[in-house]
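Every chain is numbered from 1, with letters handed out A, B, ... down the list of sequences.
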2 protein chains.
Amino acid sequence: MTVADGGRKHGATRVSLLDAGLKLFSEKGFDGTSVMEIEAAVGLKPGNGSFYRHFKTKEDLMEAVVHREIEKVRAWRAGEIVSAKGGVSRESLKNGLLQSLEGMEAIKDLMKLLAREYGQGRFPELMAQLKALLLDEGLEAFRKEYRDAIKTGVLRELDPRTLSSIVISALVGYHLSNMYFGAEPGGVSRETFASGLVELMMNKGSE
Amino acid sequence: MTVADGGRKHGATRVSLLDAGLKLFSEKGFDGTSVMEIEAAVGLKPGNGSFYRHFKTKEDLMEAVVHREIEKVRAWRAGEIVSAKGGVSRESLKNGLLQSLEGMEAIKDLMKLLAREYGQGRFPELMAQLKALLLDEGLEAFRKEYRDAIKTGVLRELDPRTLSSIVISALVGYHLSNMYFGAEPGGVSRETFASGLVELMMNKGSE
DNA sequence: GTCTATAAGTAGATAGAC
DNA sequence: GTCTATCTACTTATAGAC
């Protein structure tokens with residue numbers, strides 16, 4: 001047990017419990033998931049409290065689950081700072097949007113968890129962290145990218161903050177609709193959605 | 001008890017229970033809300049089961065709550081079919097968007113409830129109804145409105161279905177961000193958001 | 001229509017054998 | 001690190017007095 005990993009305990013069962021926790025909490029909610037179910041999901045005899053050899057409480061598991069997912073997102077973000085140098089094009093914009101949608105897809109369960117538990121008053125610090133990570137940081141990244149592109153006349157003349165807000169809202173809305181209802185809004189595919197959004201963002205003559 | 005109201009029972013306590021149910025279920029979830037809490041919220045002595053003189057089960061209250069809210073939405077929609085005749089303008093578009101945002105604001109609790117309980121497997125018919133009401137019908141209304149405006153060259157040349165999907169996704173994303181995080185995405189006000197979105201939708205020279 | 005009282009079940013959590 | 005057994009608290013729901 002090193003200092004660097006903050007006292008993380010190893011063990012396959014612990015990892016399985018984290019996996020099962022993420023899945024069950026996001027599907028059925030924190031309250032809706034019993035420790036018995038979690039035990040059963042990882043092959044432990046349910047109702048015997050073997051769970052408590054790995055986590056102090058159910059809340060404890062919740063925190064560990066979210067922290068692990070947050071680290072995953074941070075790692076993904078770190079490898080993602082490529083930021084198309086050499087100007088903004090239809091293709092680079094579209095790719096950026098699709099990448100964001102894929103990023104959200106990758107943390108589907110985390111987003112579901114957030115949507116389900118946020119505002120309940122429980123885990124306030126955890127949820128604040130998630131909000132900053134998913135909304136604030138994402139918005140800031142878009143804003144920077146669009147600011148310059150607007151100056152060059154490639155993108156429509158619009159306050160970069162407003163444009164970023166619209167774009168990220170559209171992406172989040174599209175993703176959530178997919179996530180919750182299992183269907184693309186209006187049957188519009190990811191590709192078409194991204195292309196259409198790029199079309200709206202760009203000035204007509206621009207390439 | 002008339003036939004027309006489907007056997008609705010009158011009584012102030014029942015109405016209070018519906019109000020408290022909507023509030024508590026949307027805030028803390030169905031599982032996270034106990035019958036005791038609901039009783040306490042309406043001034044009944046908690047834990048004595050007086051609740052059960054009004055509703056057969058807790059599930060029963062949930063269904064009654066959602067049905068009442070659905071009726072509210074339908075009534076609101078019915079009075080809403082004004083649909084700016086005489087062409088689409090910047091102002092009429094913006095007003096339409098703002099009206100949609102206000103509509104979502106008005107059913108905030110219902111949307112929160114939907115987000116929290118949908119996909120949990122419980123109340124599947126109820127949730128399917130909500131989805132159709134909020135997403136499908138809203139999208140169809142937008143699509144019809146935009147179809148003609150695109151033909152006249154006022155709006156950008158884009159498949160009406162795609163445009164509707166983008167617009168409704170943006171509105172939903174913006175609203176959810178407000179709802180969950182208590183802050184406008186990027187600090188962009190409703191007015192600015194709607195204006196910006198209209199700007200993106202319209203052709204540059206159009207009025 | 002609200003109260004007292006309570007039944008029956010299930011939740012989170014612990015002690016200790018193996 | 002999993003199992004048996006159990007404690008305590010809380011939940012939904014009911015029976016019956018007023």
What integer distance in Å separates [X]:[atom1] from [N]:[atom2]?
X	N	atom1	atom2	value
B:Phe51	C:dG1	CZ	C1'	15 Å
A:His54	C:dA13	NE2	C1'	15 Å
B:Arg53	D:dA15	CZ	P	10 Å
B:Glu39	C:dA5	CD	C1'	14 Å
A:Glu59	C:dA11	CD	C1'	12 Å
A:Tyr52	C:dG16	OH	P	18 Å
B:Asn48	C:dA7	CG	P	15 Å
A:Lys58	D:dC10	NZ	P	15 Å

message = So B:Ser34, base contact, sugar-phosphate only, or nothing? Heavy-atom distance under 4.0 Å.
response = sugar-phosphate
query = Which part of the nucleic acid, if any, lies within reach of A:Gly47 when heavy atoms closer than 4.0 Å are counted: base, sugar-phosphate only, or nothing?
reply = base
inquiry  = Quick check on D:dG1: is either OP1 or OP2 less than 4.0 Å from any side-chain nitrogen or oxygen of A:Thr13?
reply    = no
inquiry  = Under a 3.5 Å cutoff, is there a donor and acceptor pairing between the side chains of A:Asp31 and A:Gln120?
reply    = yes
inquiry  = With a 4.0 Å cut-off on N to O distance, would you call A:Arg116 and A:Asp109 a salt bridge?
reply    = no
message = Would you compute the distance between atom NZ of A:Lys144 and atom OG of A:Ser164 and round it to the nearest 0.5 angstrom?
response = 11.5 Å
ask   = Is the B:Phe181 ring parallel, tilted or perpendicular to the A:Tyr118 ring (thresholds 30°, 60°)?
value = perpendicular
